[in-house]
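What follows is a short report on a single structure.
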Amino acid sequence: MNKKPQNKHRPLSSATATAGCDCQPPRSINGSQALMEALLHEKVSLLFGYPGGQALSIYNALYEYSGRLEHILVRHEQGAVHAAQGYARVSGKTGVVIVTSGPGIANTITGIADAMIDSTPVVVIAGQVSASLLGTDAFQEIDVIGVTQPVTKWAYQVRRAEDLPWAVARAFYIASSGRPGPVVLDITKNAQVETIAYRPATVTHIAGYTPVPDAAPECIAQAAQLINNAERPLALAGQGVILGRAETELLAFLRKAGIPAASTIMGLSALPSDEPLNMGMLGMHGNVAPNLKTNECDVLIAIGMRFDDRVTGDLQSYARQAKIIHFDIDPAEVDKNVKAHVAVLGDVKETLPAVTELLRPAAHDEWLASFAAPLEKETQAVIRPETAPGDGPLKMGEVVHRVAEATGHDAVLVTDVGQNQMMGLRYFKFKQTRSVVTSGGLGTMGFGLPAAIGAKLGAPERTVCLFVGDGGLQMTIQELGTVMQSGVAVKIILLNNDYLGMVRQWQELFFEKRYSATEMKNPDFIGIAAAYGIPGRKISRREDLDRAIREMLDAKGPYLLEAQVVQKGMVYPMVPAGASITDLIMM
């Protein structure tokens, strides 16, 4: 991660924070009102949260700003952060959360950690006991900084109202700059109610914090030389391309040099699914061709990705034959897992075109053609059997494929975690960027429903399809209340197999089919949705699938489509944990 700014309880210096125009006289308002003004100054329009005792002053101020700041009341604070993540992922803005002290902020930790590892810009604002009570174990007091600092880019406690403008400005600057991530502001009760002369603050620089390292011209030249001399280049696109808004630059780079590319799960939708150079998804349940070709290429070009273990498998056998070029904004990721021959640090929106300019036009026709055979093998052994209609129960991949077709490949895919996630990522297709919202690094069950709410609010003009399992849905099922109250039109596709499917798959493959604590006795999901005023339908017959999908998509508001799928379905291909990425289990 980028170097974290120091967490010191002092105002920013004049070199790092500037006040608003002096021609505007300061306004005398309390700290909570100043917080609202500071949020508006950061162009915030939407908040997710849950009120409580030590945040009542903040919510009292929010009441006055209801016409300018929309607040979405979630049913659990974890859901607030996941919703903010979904909002941030599709909108490209920073998600904002407001919660109270003690259990309120403690309930956000899973979401904050998820946002940290998946580089999602979120600002979490927590109420806190008065400064005079800090350290006394007062009611609902916890050490917010101590608890959240390991999973944030910055965590800061505001003890004086006068520090609020610069603290908010600094929080948004840190959360959204460089490699994005979560920030926590812990605001004491006295800071919320003290009166200050408010002026907005702006932060454009923090001493010791370098969000975007300078690109070295010699590294750009070395990268171009390696690519120009390559016979079998392969590019790996990660979420850094999307966060850097470099999708157009990536496509120009690939097309000029005729380089095939594959994506991490977080990088999916950086390239259109039908782009001829797009060879699919990397990783444990990724496509066969790019996984195999990673260990055959002569130059491997990693762009905004961190060589996660789910992508690399056994590092000792990973791309040993290749020269590695690593584009990244975060120096901490270079050489962390895979040693780079050339590291191109900087903003990928600038570094990719700089390298592209030095490339010779190339085709690599023979190399590209070599991807066809493993693709055909996967199609025959895995893809067609999973997605094509057949005998027996409905299959997860079949449902995902039919929904994707019905949306014209123009919807936002949101997934929970497990088999539903891998099937969704494998078989949904994409025409435009920022079309995937999933929990990648932390793998948080329960992520899907609140993230879908945020995604729909972040892109109200787009169809948002959530694929979720029966296990994950029940972890945050209370957020159906948020759907009911907000009216957000999420389309929920429940792939119900009455199991914790991915855990059961591992038990079948590696634990002699000892299905310990993975079979689930489930409730009437359609009845539960109905209790929240959400229409739905349960299907188990293949002949009902297309009609049910059309009914779901035609519904003006939210809808729950429950598909009873094969109980012991498997997600293939699969690379066993710790194995080489070429050691694929196909069936």
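Not measured: the values here are computed from a predicted model. The figures here come from the full heavy-atom set of this structure, side chains too, leaving out hydrogens, waters and symmetry mates.
- Judged by distance alone, with hydrogens and angles left aside, the side-chain atoms of Q478 form no donor-acceptor pair with the main-chain N or O of H76 at under 3.5 Å.
- Of the possible donor and acceptor atoms, one in the side chain of H285 sits under 3.5 Å from a partner among the backbone N and O of P573.
- Proximity of R426 to I383: side-chain heavy atoms (C-beta onward) are separated by under 4.5 Å at one or more points.
- Of all non-hydrogen atoms in A257 and L359, the two that sit nearest each other are CB-CD1, 3.9 Å.
- Annotation for L226 and V299: closest pair O-CG2, 3.7 Å, computed over non-hydrogen atoms.
- A donor-acceptor pair shorter than 3.5 Å can be found between the side chains of T518 and Q507.
- K431 has its side chain out of reach of P272: every pair of non-hydrogen atoms, C-beta onward, lies at least 4.5 Å apart.
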Go through the steps to decide whether E479 and V74 satisfy the test side chain to side chain contact (heavy atoms under 4.5 Å, CB included), and finish with yes or no. CA-CA 6 Å; E479 299 307 333; V74 297; 3.5 Å; yes
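- Atom NZ of K323 has 12 or fewer neighbouring heavy atoms from other residues, nucleotides or ligands inside a 6.0 Å radius.
- In terms of modelled atom types and a separation under 3.5 Å, the side chain of N496 and the main chain of A563 share no donor-acceptor contact.
- Counting heavy atoms from C-beta outward, P450 and Q78 have side chains that stay 4.5 Å or more apart.
- Taking 4.0 Å as the cut-off between side-chain N and carboxylate O, E543 and R541 count as a salt-bridged pair.
- Formation of a donor-acceptor pair under 3.5 Å by the D298 side chain with backbone atoms of Q321 is not found in this model.
- Around the NZ atom of K377, the shell of radius 6.0 Å holds no more than 12 heavy atoms that belong to other residues, nucleotides or ligands.
- Each of I117, V311, T264, N337 was evaluated against R306; a single residue qualifies, I117, per the side chain to side chain contact (heavy atoms under 4.5 Å, CB included) test.
- For the pairing with R179, the salt bridge (charged side-chain N to carboxylate O under 4.0 Å, His left out) check across D330, D118, D347, D328 returns one residue only, D330.
- T463 is listed as a side-chain neighbour of L553, based on a closest heavy-atom distance under 4.5 Å.
- No side-chain heavy atom of E249 sits under 4.5 Å from any side-chain heavy atom of T356.
- Within 6.0 Å of the CD atom in E231, the count of heavy atoms belonging to other residues, nucleotides or ligands does not exceed 12.
- The aromatic ring centres of H401 and Y427 sit 6.0 Å or more apart.
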Steps toward side chain to side chain contact (heavy atoms under 4.5 Å, CB included) verdict (L480, L449): CA-CA 8 Å; L480 290 175; L449 179 56; 4.0 Å; yes
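- Side-chain contact, Y572 with E386: no donor N or O sits under 3.5 Å from an acceptor N or O.
- Relative ring orientation between F428 and F430 is described as tilted, the plane-to-plane angle lying within the 30° to 60° band.
- Here the shortest heavy-atom pairing between G481 and R75 reads O-NH2, 3.0 Å.
- Side-chain contact between I493 and M552 is present, with heavy atoms from C-beta onward closer than 4.5 Å.
- One side chain, R462 or S435, offers a donor N or O that lies under 3.5 Å from an acceptor on the other.
- Around NZ of K256, the count of heavy atoms belonging to other residues, nucleotides or ligands within 6.0 Å exceeds 12.
- Side chain of K456 to main chain of A451: no donor-acceptor pair is present (N/O by atom type, distance under 3.5 Å, no hydrogens or angles).
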Given D544 and R537, is the side chain to side chain contact (heavy atoms under 4.5 Å, CB included) satisfied, shown in steps? CA-CA 10 Å; D544 296 330; R537 181 179 179 185; 4.0 Å; yes
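- Distance alone, capped at 3.5 Å, is enough to place a donor-acceptor pair between the Q421 side chain and the S439 backbone.
- In terms of modelled atom types and a separation under 3.5 Å, the side chain of R89 and the main chain of A455 share no donor-acceptor contact.
- Exactly one of R504, K568, Q564 qualifies for a side-chain hydrogen bond (donor to acceptor under 3.5 Å, both in side chains) with D498. That residue is Q564.
- In this structure, the side chain of H341 engages the main chain of I324 through a donor-acceptor pair within 3.5 Å.
- Without hydrogens or angle criteria, K395 side chain to P385 main chain gives a donor-acceptor distance under 3.5 Å.
- A donor-acceptor contact shorter than 3.5 Å links the side chain of R542 to the backbone of G392.
- Between E296 and K293 there is a salt bridge, with a side-chain nitrogen of the basic residue lying less than 4.0 Å from a carboxylate oxygen of the acidic one.
- In this structure, I526 CD1 and E562 CD are separated by 5.0 Å, a value rounded to the nearest 0.5 Å.
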Stepwise side chain to side chain contact (heavy atoms under 4.5 Å, CB included) check, L300 with L236: CA-CA 7 Å; L300 188 67; L236 312 181; 3.8 Å; yes
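- In terms of heavy-atom proximity, E275 sits nearest to R255 at OE1-NH2, 2.6 Å.
- Taking every heavy atom of both residues into account, N497 and Q567 meet most closely at O-CG, 3.5 Å.
- The side chain to side chain contact (heavy atoms under 4.5 Å, CB included) test with V468 singles out one residue from T476, I477, T415, L473, and that residue is L473.
- Taking OG1 of T108 as the reference point, atom CD of E77 lies at 8.0 Å (rounded to 0.5 Å).
- Heavy atoms only, all atoms of each residue included: V288 and M586 are closest at CG2-SD, 3.6 Å.
- Side chains of V414 and V490 form no contact here, defined as non-hydrogen atoms less than 4.5 Å apart.
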Give the C-alpha distance, both sets of side-chain angles, the deciding distance and a yes or no for salt bridge (Lys or Arg N to Asp or Glu O under 4.0 Å) between E333 and K336. CA-CA 5 Å; E333 291 298 341; K336 185 177 80 175; 2.9 Å; yes
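- By the 4.5 Å heavy-atom criterion applied to side chains, M475 and D416 are not counted as neighbours.
- Within 6.0 Å of OH on Y515 lie more than 12 heavy atoms contributed by other residues, nucleotides or ligands.
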